[in-house]
Amino acid sequence: MSALALILTLIFVLIPLFLSKTLQLGLEKDTLIATVRSIIQLFAVGYVLQFIFDSENILYIFLMVALMIGAAVQNARKKGASIRGITWKLVLTFVVIEVLTQGILLGLHITPATAQYIIPLSGMVIGNSMVLGILFLNRFTSEVSSRREETELILSLGGTPKQAIQHSLLASIKASTIPTIESQKTIGLVQLPGMMSGQIIAGADPLQAVMFQLLILFLLLTTAIVTSTMLGFLSYPTKFNERMQVID
């Protein structure tokens, strides 16, 4: 893509700006900020990745993945502010996800151990884990709040904290993973996913692009289940004090 072609794509920014101004939606400032930030951030990341790909230094790969995890934690922790120790819980979850997925990919030689594969796949996995973590934390805090009386009743009848909160916990895990599972049911029919589309546009064989996209889909499925489950079982004990009473 040429620089001129990229400039012309700003038409797709002008359209929402025009509609926002016309309908008085008040989205102009946020749209402009999002546009400017995306340009700066993506070009900065592009130059950094070019440097890392050229150097093939394992330290740079590690630092890039650590940066991704740090940014994901910083974004997701805001949604779990009511959960004690949410920061380290998120760090542990994202690290486990990264080690698990890359361990399988590299250990079984599914993908090469190069920055060109490790960093993009890690970005997809960590980014999806962050979104799933936010979905889970939102639903979990809401479930615990709405079912407080039910939880306290189970505790008063001699139930353990795990038994008292089990329904809220499982409902939150299920709700946060449903979008991932449902989107996979219509993949290829309703939409052509990003990686597959990108490879096809770049001239790759469509069947090769399909195989890489299936790899991503299966990775994201594991990411969804493991993220929600880990965060759930790490978080629910913080909703009770030492006397097994529900706390806010």
List the steps and the verdict of side chain to side chain contact (heavy atoms under 4.5 Å, CB included) for Gln213 and Ile216. CA-CA 5 Å; Gln213 188 59 58; Ile216 299 303; 3.9 Å; yes

Residues Leu90, Met130; criterion side chain to side chain contact (heavy atoms under 4.5 Å, CB included); working and verdict: CA-CA 9 Å; Leu90 287 167; Met130 176 192 72; over 6 Å; no

For side chain to side chain contact (heavy atoms under 4.5 Å, CB included), just list the numbers for Val13 and Thr31, CA-CA rounded to whole Å, side-chain angles, deciding distance to a tenth of an Å, and then say yes or no. CA-CA 8 Å; Val13 177; Thr31 301; 4.3 Å; yes

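The distance from the CG atom of Leu231 to the CG atom of Leu137 is 5.5 Å, given to the nearest 0.5 Å. Atom-to-atom distance recorded for Lys78:NZ and Ile86:CD1 is 14.0 Å, nearest 0.5 angstrom. Note that OG of Ser129 and CE of Met124 are 15.0 Å apart. Values are rounded to the nearest 0.5 Å. Summarising the geometry, atom NZ belonging to Lys174 is positioned 9.0 Å from atom CD1 belonging to Ile181; distances are rounded to the nearest 0.5 Å.
The closest side-chain heavy-atom distance from Val65 to Ile126 is below 4.5 Å. The shortest distance between side-chain heavy atoms of Leu63 and Met68 does not fall below 4.5 Å. Within the 4.5 Å cutoff, the side chain of Arg139 has no heavy atoms near those of the Ile173 side chain. You'll find the side chain of Asn57 stays beyond 4.5 Å of the side chain of Ile52, heavy atoms only. At least one side-chain heavy atom of Thr111 sits less than 4.5 Å from a side-chain heavy atom of Leu215. Side-chain contact between Thr114 and Phe53 is absent, with no heavy-atom pair separated by less than 4.5 Å. Residues Ile83 and Phe140 meet the side-chain proximity criterion, which asks for heavy atoms closer than 4.5 Å. Looking at heavy atoms from C-beta onward, Ile104 lies out of side-chain contact with Leu219 at the 4.5 angstrom threshold.
There is a side-chain donor-acceptor pair under 3.5 Å between Ser20 and Glu28. Residues Thr93 and Thr227 bring no donor and acceptor atom of their side chains to less than 3.5 Å of each other. Side-chain atoms of Arg77 and Thr87 include a donor-acceptor pair closer than 3.5 Å. A side-chain N or O of Ser176 and one of Ser228 form a donor-acceptor pair less than 3.5 Å apart.
For the pair Ala113 and Ile118, the tightest heavy-atom approach, listed with the atom from each and the gap, is C-CD1, 4.0 Å. Between Leu135 and Pro179, the closest heavy-atom pair is CD1-CG, 4.4 Å. Closest approach of Ala224 and Thr180 over heavy atoms only: CB-OG1, 3.8 Å.
Note on Leu108 and Val125: same hydrophobic cluster, where clusters join Ile, Leu, Val, Met, Phe, Trp and Tyr whose side-chain heavy atoms are under 4.5 Å apart, directly or indirectly. The hydrophobic clustering, which links ILVMFWY residues whose side-chain heavy atoms are closer than 4.5 Å, places Tyr117 and Leu220 together. Connection of Phe136 to Leu221 is not established within any shared hydrophobic cluster, with ILVMFWY side chains joined at heavy-atom distances below 4.5 Å, either directly or through further cluster members. In the hydrophobic clustering of this structure, Ile11 groups with Phe18; members are Ile, Leu, Val, Met, Phe, Trp, Tyr whose side-chain heavy atoms approach within less than 4.5 Å, directly or through other members. Following chains of ILVMFWY side-chain contacts shorter than 4.5 Å, one cannot reach Ile225 starting from Ile178, and the two form parts of different hydrophobic clusters.
A donor-acceptor distance shorter than 3.5 angstrom exists from the side chain of Thr101 to the backbone of Ile97, with no hydrogens or angles considered. A donor-acceptor contact shorter than 3.5 Å links the side chain of Ser38 to the backbone of Thr35. No donor-acceptor pair closer than 3.5 Å links the side chain of Lys89 to the backbone N or O of Gly232.
For the side-chain contact (heavy atoms from CB on, under 4.5 Å) with Phe94, the qualifying choice from Val73, Thr223, Val99 is Val73, the only one to do so.
Remark: Gln24 CD is loosely packed, at most 12 non-hydrogen atoms of other residues, nucleotides or ligands lying under 6.0 Å away.
Below 30°, between 30° and 60°, or above 60°: for Tyr236 and Phe233 the angle between ring planes is above 60°, a perpendicular geometry.
Qualifying ring pair (Phe, Tyr, Trp, His ring centres under 6.0 Å) partners for Phe51, counting only residues two or more places apart in sequence or in other chains: Tyr60.
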